Amino acid sequence: MRMSQFFLPTMKETPAEAQIVSHRLMLRAGMIRQTSAGIYAWLPLGWRVLQKISQIVREEQDAAGAQELLMPTIQSADLWRESGRYEAYGKEMLRITDRHEREMLYGPTNEEMITDIFKTFVKSYKDLPRNLYHIQWKFRDEIRPRFGVMRGREFLMKDNYSFDLDREGAELSYRKMFLAYLRTFARMGLKAIPMRADTGPIGGDLSHEFIILAETGESQVFCDKAWLDLDVLAEAPGYDSDLKDFFAKYTNIYAATEEMHDAAKAPADLVTARGIEVGHIFYFGTKYSAPMGAVVAGPDGSPVTVEMGSYGIGVSRLVAAIIEASHDEHGIIWPEPVAPFTVAIVNLKIDDADCARVSGDLYAKLQSAGVDVLLDDRDERPGAKFADMDLIGVPWQLTVGPRGLKTGVVELKRRATGEKRELSVEAALAELTARG
RNA sequence: CGGAGCGUAGCGCAGCCUGGUAGCGCGGCAGUUUUGGGUACUGCAGGCCCCCGGUUCGAAUCCGGGCGCUCCGACCA
């Protein structure tokens with residue numbers, strides 16, 4: 001992307017309404033635009049990040065055996081009457097009436113709809129297990145939306161639903177999602193810690209919240225110091241195993257939210273920190289399948305009510321959560337896997353022939369190597385360019401200026417550490433091509 | 001949902017008390033200048049002063065009603 005063409009409205013000043021650092025930085029970096037209380041438009045830079053995050057979520061869901069589909073945002077009230085939640089859900093549900101006076105709603109979640117789809121088509125135990133997911137906009141009419149996309153009313157969520165013949169199968173599905181979530185967050189550069197949770201209105205008796213640690217997190221959490229050294233990507237077993245040992249290991253290390261914390265059970269090496277909830281998984285048995293009649297024929301021909309679980313990741317919240325966990329006074333520090341661009345080329349002097357030629361050449365070669373690259377070809381002062389790059393947090397920043405080119409070098413800066421190195425154009429190209 | 005505020009240029013704000021030509025900084029545009037971490041100067045453009053009604057010769061300003069937004073608390077992917 002050429003920055004001169006890119007729709008990127010960055011700001012020097014911070015809008016007054018933004019209270020937390022991720023909200024301020026998202027506004028200043030031109031990622032979002034508020035359109036109503038708790039409702040945001042995603043501008044091109046923000047949308048790129050949202051897609052990067054969605055893609056990682058998608059890859060891990062697919063690897064765990066879940067299949068993607070897409071359900072609508074608007075649902076029928078009748079569907080929710082089947083589970084009894086139409087009345088139970090209260091004012092958080094946005095209710096809509098269509099031109100025929102039919103009662104509709106903007107989905108806050110999809111248990112009813114997926115159960116309806118499932119029961120229509122799945123009639124035999126031979127078709128189990130099934131795990132279906134989608135990434136779709138949800139609406140929950142929060143009393144007080146705040147903190148930007150961290151607690152918006154409309155938000156993008158990955159939600160999926162598992163269907164199994166018995167509790168044993170359902171628990172295996174649960175463990176697979178447990179692993180998938182740990183891997184998903186780890187791939188985004190986050191330390192996410194699963195904590196036993198209340199099941200709340202969704203119901204059920206087995207549930208974990210995934211909480212990432214960030215100084216500015218909303219809630220107090222407690223965990224064993226051992227969590228900080230775990231590397232799930234290095235040791236995780238495959239999805240074809242039963243995952244029992246893995247699950248036991250990870251659930252036996254102490255971790256608790258403030259509500260569940262028990263000082264008597266806490267280890268000596270206790271870390272007290274702030275956390276942000278980015279995912280939540282539930283096993284809830286037949287809570288929806290029973291009232292809605294999701295029944296299959298078992299091996300002996302008799303009807304079996306299926307065992308279900310549901311699993312959610314707040315995709316749009318993750319954008320803010322990552323910023324909360326990774327920023328400095330200059331701006332965002334994107335972990336490379338979710339960065340909107342991996343590399344930025346800063347042409348310091350656009351009317352200098354050498355600068356234009358070298359930066360244009362680097363840009364073309366990196367692009368054809370499949371690297372997400374941003375070329376700053378704007379007629380701005382160097383200070384403004386550097387400030388913008390740090391604000392939007394591009395992990396690798398390659399500065400091409402007349403001073404360096406005299407001796408054939410460019411400067412490569414790593415956003416995360418601030419480390420700068422001078423190297424030849426060829427060496428820079430080789431190093432950055434490897435990041436495609 | 002209880003409490004507290006705020007709506008004036010794209011953003012941050014002053015003006016309102018005490019009614020009389022709508023302002024400042026940032027940003028934008030043009031130019032000069034500068035050129036390796038948000039340069040300086042000059043000029044220009046940009047406003048249904050949230051909406052509706054009332055008072056008044058005259059309302060951004062006073063009064064009434066509405067709408068929107070924010071903050072603090074109780075609740076939440």
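Note on naming: letters A, B, ... go to the chains in the order of the sequence lines (proteins, then strands), and numbering restarts at 1 for each one. The model shown is predicted, which means the values in this text are computed figures rather than measured ones.
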A:G418 versus A:K413, closest heavy-atom pair with distance: O-CG, 4.3 Å
With A:A364, which residues qualify under side chain to side chain contact (heavy atoms under 4.5 Å, CB included), at least two apart? none
With sequence neighbours excluded, tell me which residues meet side chain to side chain contact (heavy atoms under 4.5 Å, CB included) with A:S219. A:V221
Write down the distance between [atom1] ([X]) and [atom2] ([N]), rounded to a whole number of angstrom.
{"X": "A:H208", "N": "B:A77", "atom1": "NE2", "atom2": "C1'", "result": "17 Å"}
{"X": "A:D379", "N": "B:U34", "atom1": "CG", "atom2": "C1'", "result": "12 Å"}
{"X": "A:I276", "N": "B:C76", "atom1": "CD1", "atom2": "C1'", "result": "14 Å"}
{"X": "A:Y89", "N": "B:C75", "atom1": "OH", "atom2": "C1'", "result": "12 Å"}
{"X": "A:E380", "N": "B:U39", "atom1": "CD", "atom2": "P", "result": "9 Å"}
{"X": "A:M93", "N": "B:C76", "atom1": "CE", "atom2": "P", "result": "17 Å"}

Using a cut-off of under 3.5 Å, enumerate the N/O to N/O pairs linking the protein to nucleotides 42-46 of chain B.
none

Please determine whether any donor N or O and acceptor N or O are separated by less than 3.5 Å between the side chain of A:R381 and the base of B:U34. yes
Can you find a donor-acceptor pair, distance only, under 3.5 Å between A:R140 side chain and B:C76 base? no
Taking only residues two or more places apart in sequence or in another chain, which ones pass side chain to side chain donor-acceptor pair (under 3.5 Å) with [X]?
{"X": "A:S4", "value": "A:D377"}
{"X": "A:D116", "value": "none"}
{"X": "A:K12", "value": "none"}

Are A:F386 and B:G38 stacked, counting the six-membered base ring, centres under 5.5 Å, planes under 30°? no
Side chains of residues 345-353 of chain A: which donor-acceptor pairs under 3.5 Å do they make with residues two or more places apart or in other chains?
unit_1 : atom_1 : unit_2 : atom_2 : d
A:N347 : OD1    : A:K349 : N      : 3.1
A:N347 : ND2    : A:S359 : OG     : 3.3
A:D352 : OD1    : A:D354 : N      : 3.0
A:D352 : OD1    : A:C355 : N      : 2.9

Letter by letter from the 5' end, nucleotides 7-15 of chain B scores (B base, S sugar-phosphate only, - none; protein heavy atoms under 4.0 Å) ----BSS--
Using a heavy-atom cut-off of 4.0 Å across all strands, would you classify [X] as base, sugar-phosphate, or nothing?
{"X": "A:G90", "result": "nothing"}
{"X": "A:R153", "result": "nothing"}
{"X": "A:D390", "result": "base"}

How about A:H208 and A:F210: are their ring centroids closer than 6.0 Å? no
Aromatic ring centroids of A:H23 and A:F147 under 6.0 Å? no
If each of A:V400 and A:G279 is mapped to the nucleotide of RNA chain B with the nearest heavy atom, which maps nearer the 5' terminus, i.e. the 5' end? A:V400
Searching all strands shown, indicate the nucleotide that pairs with B:C67 (Watson-Crick or G-U wobble; both distances under 3.5 Å). B:G7
Does anything in [range] come within less than 4.0 Å of RNA chain B? Heavy atoms only, and list the residues if so.
{"range": "residues 311-334 of chain A", "result": "A:G314, A:R317"}
{"range": "residues 57-74 of chain A", "result": "none"}
{"range": "residues 401-422 of chain A", "result": "A:G401, A:P402, A:R403, A:G404, A:E411, A:K413, A:K420"}

Pairs under 3.5 angstrom only: tabulate donor-acceptor contacts from the side chains of residues 33-42 of chain A to other protein residues two or more places apart or in another chain.
unit_1 : atom_1 : unit_2 : atom_2 : d
A:Q34  : NE2    : A:S36  : O      : 3.1
A:T35  : OG1    : A:I39  : O      : 3.3

If you measure from the C1' atom in B:A60 to the same atom in B:G47, how many Å do you get, rounded? 11 Å
Give the nucleotide from the list B:G36, B:C72, B:A77 with an atom nearest to the side chain of A:T399. B:G36
Select one nucleotide: of B:U70, B:G36, B:G27, the one nearest the side-chain heavy atoms of A:K12. B:G27
OP1 or OP2 of B:C72 less than 4.0 angstrom from a side-chain nitrogen or oxygen of A:R144, does that happen here? yes
A:Q19 side-chain N/O to B:C72 phosphate OP1/OP2 under 4.0 Å: no
With a sphere of 6.0 Å drawn around NZ of A:K365, does it hold more than 12 non-hydrogen atoms of other residues, nucleotides or ligands? no
Is the cationic atom of A:R95 (NZ for Lys, CZ for Arg) positioned less than 6.0 Å from the six-membered ring centroid of A:Y86 and within 45 degrees of its normal? yes
